[in-house]
Amino acid sequence: MDADIRVSSLPSENRKLFQKVKHQTLYKMIRFSWWERHKAMVQCGIAEEDVFSLTAGPVLMYFHSGLVIGAACDPERNSVLIWVERDDTGYVSDDPIETDTDLFSINALDKQYSSSYWRQIVGHRIEEISIIKSIPQNALLAELANEVGIEFVIDNGEKFILSHGLHNSSDDFSVITESYIDRRILENLKWEN
């Protein structure tokens, strides 16, 4: 795998990685929360079944090929970032999230801290990937990348979004569906393939 697609980057700078992910089966998704599952509910003010989606911390997506990609957000760029955590060549990132003892893992299939929606996602093939850009509402935002989401369409027609603040206009990373997006925010978004 090309070294240039392994590094943390904006989605638009890493379209080669999207090509590698397309048509692969997603067999596992893990959030790495700053807090233990039960504490994340209190810290984030969220419902139990929303902990996977809305806790603070990155996500790893695992594919049958051996590819594992990570995603988080960068508030300074008002964007989501993606990277290769490991691949089928034996590459492993310099600072693997899975070994970070300060983070707590939450599986998308967790029956208590994740909604049943994720069971429709995990185990299915990625068919399409789009970058979601925010239309800047002021001069400061116009200077930033504004790549606020990556939407994945699955072979069963379901979708999910790796999001930078789309659920609450914050600087928080989340893993959501479009239904979580605030309608006022939705009016200022555009999808690009």
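Bear in mind that the values here come from a model prediction, so they are computed numbers and not experimental data. Just so you know, residue 1 is the first one in the sequence shown, and it goes up from there.
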Say whether [X] and [Y], considering side chains only, have a donor N or O and an acceptor N or O under 3.5 Å apart.
X    : Y    : value
T25  : H64  : no
H164 : N78  : yes
Q24  : S65  : yes
S9   : N14  : yes
Y117 : E158 : yes

For E36, is the CD atom crowded, meaning more than 12 foreign heavy atoms sit under 6.0 Å from it?
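Counting neighbours around CD of E36, more than 12 heavy atoms of other residues, nucleotides or ligands fall under 6.0 Å, so yes.
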
Applying a strict under-4.5 Å side-chain criterion to I, L, V, M, F, W and Y, I'd like to know whether Y180 and V80 cluster together.
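Both belong to a single hydrophobic cluster.
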
Salt bridge present between K20 and D87 (N-O < 4.0 angstrom)
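No, K20 and D87 are not salt-bridged.
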
How long is the gap from [atom1] on [X] to [atom2] on [Y], to the nearest 0.5 Å?
X    : Y    : atom1 : atom2 : answer
L166 : F173 : CG    : CZ    : 10.5 Å
I161 : S53  : CD1   : OG    : 11.0 Å
R119 : L109 : CZ    : CG    : 6.5 Å

Ring centroids only, cut at 6.0 angstrom: are W118 and F160 within range, meaning strictly under it?
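Under 6.0 Å, so yes.
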
